[in-house]
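Order of the sequence lines sets the chain letters (A, B, ...), proteins ahead of strands, with each chain counted from 1.
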Protein chains: 2
Amino acid sequence: MLEGNGSEGGTGTLGKALALLDLVVASDRPLRFTDILALSPQPRGTLHRQLSHLVEEGLLSLRADLTYEPGLRLLKFAARAWSGNQFRVIAEPYLHRLHEEAGETVHLGVLRGQEVIYLDKVESRQTVRMQSQIGNASPVYCTGLGKAALSALPVEVLEETIAGLSFQKFTAHTLTDGQSLKRDLDEARRVGHAFDREEHEAEIRCVAAPIHAPGLSFVGGISVTGPAYRVTMAQLENWAPAVRRIAAGISEEAALKLGPGR
Amino acid sequence: MLEGNGSEGGTGTLGKALALLDLVVASDRPLRFTDILALSPQPRGTLHRQLSHLVEEGLLSLRADLTYEPGLRLLKFAARAWSGNQFRVIAEPYLHRLHEEAGETVHLGVLRGQEVIYLDKVESRQTVRMQSQIGNASPVYCTGLGKAALSALPVEVLEETIAGLSFQKFTAHTLTDGQSLKRDLDEARRVGHAFDREEHEAEIRCVAAPIHAPGLSFVGGISVTGPAYRVTMAQLENWAPAVRRIAAGISEEAALKLGPGR
DNA sequence: TAGAACAGTTCCATTATTCGGAACTTAGTC
DNA sequence: GACTAAGTTCCGAATAATGGAACTGTTCTA
């Protein structure tokens with residue numbers, strides 16, 4: 001489950017195709033051929049053929065107004081990737097247990113390069129649509145989950161990861177340099193959990209603990225998140241032991257079932 | 001959004017890679033190199049390199065026990081494909097309205113080749129996990145949504161689609177030949193909605209209406225689904241007008257916003 | 001513990017695909 | 001109706017994929 005940072009240009013035919021797919025799918029507005037041409041390093045002929053291939057394969061879809069949109073085959077792939085994910089399956093009951101204890105939204109995520117990918121979520125009311133987060137990627141340096149996961153990383157990998165970060169200030173509290181982040185991670189490593197003090201979104205706080213174990217090829221985490229008016233820092237401190245305990249439980253079971261021996 | 005049937009072997013390098021990805025991701029048990037070798041037409045050297053590429057790109061992930069599992073990058077792609085899907089966004093408020101009227105689970109789906117892909121779902125209680133269905137593919141011939149969508153297809157395309165079907169008997173009520181299906185579709189076309197009379201799953205019934213309009217490059221549908229003990233056929237008949245009305249509303253707005261002119 | 005069988009990986013000359021500049025077609029403008 | 005821009009097609013050259021065979025490591029078995 002450990003993977004590269006994903007930002008490399010794209011080696012081989014497959015890599016180029018996926019880099020292009022990324023470009024189109026990540027855009028927030030519909031792109032036409034010329035728009036994509038401007039964003040891509042490829043010459044026209046090449047780009048056109050690559051797009052045709054993506055459309056042929058159902059990864060993109062060419063609309064009547066000549067804009068490209070993500071294809072349905074992506075959803076099909078993801079549905080199976082999600083429901084078949086062993087780690088998620090193992091963690092699921094733990095997430096519910098934690099949600100019962102805390103009463104606020106619980107997240108499960110794993111570290112992938114410079115990002116945290118959300119794998120699952122348990123919440124009480126559906127104020128926000130449930131799936132909205134699943135599969136989403138968030139920056140590591142300003143989310144509780146991200147920092148918890150980072151705190152579990154071996155030093156060399158951590159240094160490399162931090163060196164590759166480009167910080168963006170989301171709120172007044174966002175950490176925007178490697179030094180502050182490292183200090184925060186030292187603290188997280190010491191106490192066993194990490195906080196998000198309204199660093200990613202204003203009025204949103206969270207406490208998270210890392211999931212990792214020898215023999216586990218990846219690093220992840222769980223978190224409890226809530227709005228600042230309901231969730232004080234003191235409240236987060238209260239939840240922290242439970243979060244750590246549940247994370248440890250998941251780590252143990254995952255290492256047992258996903259580890260090298262069997 | 002209209003796409004090929006997806007079952008073709010895979011032309012070009014990308015096609016071959018995706019056919020392989022399909023094979024691995026679709027499997028319900030973890031596959032090792034040799035297992036995949038047995039399932040794939042490729043020779044060893046080729047297969048090995050292709051798998052390496054998929055792993056490098058994050059579409060697959062090689063676990064410590066040498067089995068391959070779906071990669072996290074698939075989830076990332078899908079999250080954006082889902083949240084950015086214009087058709088889904090347009091339909092969302094309509095789904096909620098229908099859910100309020102009927103009180104049972106509402107689905108939104110589109111036809112892709114021989115399958116229905118579920119795009120969204122609104123339900124009251126989270127007895128079944130929400131995302132479980134999103135992105136899932138179901139056969140067209142035994143789901144209300146599938147039959148509703150088929151009923152909106154032009155005759156030539158319909159004939160072709162039916163000709164390509166391979167029927168599987170899921171329950172005692174599953175239609176298992178083109179003739180019965182066509183009769184059912186004639187009826188659906190006449191009344192404007194289609195039923196699933198426990199044809200896909202025992203004790204599950206549903207009523208669905210097609211979403212389509214001139215200028216819309218795809219065909220879809222919405223449905224109301226419920227357990228047989230709570231949802232009689234008479235009840236489905238009661239809901240049918242509402243389902244048709246909501247479907248018509250989505251068709252109209254989608255044609256307006258997604259159609260060729262702007 | 002040797003040795004056989006198997007699983008996984010690497011190598012490299014051959015072959016097939018992709019590349020990309022340029023020509024071509026279509027749609028929209030003045 | 002000429003002009004401009006967007007989108008598409010073509011084809012020799014460049015590149016990447018192919019797949020048989022050799023290699024390495026691991027697991028049975030006698």
Side-chain angles (χ1 to χ4, degrees), chain A residues 1-4 8-24 27 29-69 71 215 217 259-262, chain B residues 1-4 8-24 27 29-69 71 215 217 259-262:
Chain A
M1 215 183 259
L2 197 63
E3 276 135 21
E8 59 266 25
T11 327
T13 308
L14 180 61
K16 289 171 205 163
L18 291 173
L20 179 56
L21 182 61
D22 236 335
L23 197 154
V24 176
S27 166
R29 74 197 166 91
L31 297 177
R32 286 204 320 246
F33 179 78
T34 318
D35 303 321
I36 303 172
L37 184 60
L39 294 169
S40 158
Q42 308 289 12
R44 281 164 54 158
T46 304
L47 183 67
H48 192 265
R49 184 180 30 75
Q50 288 177 335
L51 285 170
S52 306
H53 284 165
L54 288 172
V55 170
E56 240 170 67
E57 291 300 332
L59 301 183
L60 283 182
S61 159
L62 182 53
R63 291 182 26 181
D65 65 355
L66 297 182
T67 62
Y68 291 85
E69 66 177 4
S217 61
R262 180 107 337 252
Chain B
M1 214 182 255
L2 199 64
E3 275 134 21
E8 59 269 22
T11 327
T13 308
L14 180 61
K16 289 172 206 162
L18 291 174
L20 179 56
L21 182 61
D22 237 335
L23 196 155
V24 176
S27 166
R29 72 196 168 89
L31 298 177
R32 286 200 321 230
F33 179 79
T34 318
D35 303 321
I36 303 172
L37 185 60
L39 294 170
S40 158
Q42 309 287 13
R44 277 152 74 134
T46 304
L47 183 67
H48 191 265
R49 185 180 30 75
Q50 288 177 334
L51 285 170
S52 305
H53 284 163
L54 289 172
V55 170
E56 240 170 68
E57 291 300 332
L59 301 182
L60 284 181
S61 158
L62 182 53
R63 291 182 25 180
D65 65 354
L66 298 182
T67 61
Y68 290 86
E69 68 178 2
S217 62
R262 181 101 337 243

Q) What are the residues of residues 31-43 of chain A, sorted by number, that bring a heavy atom to within less than 4.0 Å of DNA chain C? A) A:Gln42, A:Pro43
Where [X] and [Y] come nearest, the two heavy atoms and their spacing:
X       : Y       : value
A:Leu14 : B:Ala17 : CD1-CB, 4.1 Å
A:Leu31 : A:Val24 : CD1-CA, 4.2 Å
B:Pro43 : B:Leu37 : C-CD1, 4.3 Å
A:Arg32 : A:Asp65 : CD-O, 4.0 Å

(Q) So B:Asp35 and B:Arg29, do their side chains get closer than 4.5 Å, heavy atoms only? (A) yes
Enter the distance from [X]:[atom1] to [Y]:[atom2] here, rounded to the nearest 0.5 Å.
X       : Y       : atom1 : atom2 : result
B:Leu21 : B:Glu57 : CG    : CD    : 11.5 Å
A:Lys16 : A:Gln50 : NZ    : CD    : 7.5 Å
B:Leu59 : B:Leu18 : CG    : CG    : 8.0 Å
B:Ile36 : B:Leu20 : CD1   : CG    : 6.5 Å
A:His48 : A:His53 : NE2   : NE2   : 11.0 Å

Q: Select base, sugar-phosphate, or nothing to describe what B:Thr46 touches, counting heavy atoms under 4.0 Å on all strands.
A: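 Counting heavy atoms under 4.0 Å across all strands, the contact made by B:Thr46 includes a base.
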Q) What is the 5' to 3' range of DNA chain D, first to last nucleotide, that sits under 4.0 Å from any heavy atom of chain A? A)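 From 5' to 3', the first and last contacting nucleotides are D:dA6 to D:dA17.
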Q: Return the 5'-most residue of the pair A:Arg49, A:Leu14 with respect to DNA chain D, ranking by each residue's nearest nucleotide.
A: A:Arg49
Q: Would you grab the first and last nucleotide of DNA chain C (5' to 3') that comes under 4.0 Å of any non-hydrogen atom in chain A?
A: C:dT18 to C:dG21
Q. B:His48 or A:Gly45: which one's nearest nucleotide on DNA chain C is closer to the 5' end?
A.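 Upstream on the strand: B:His48.
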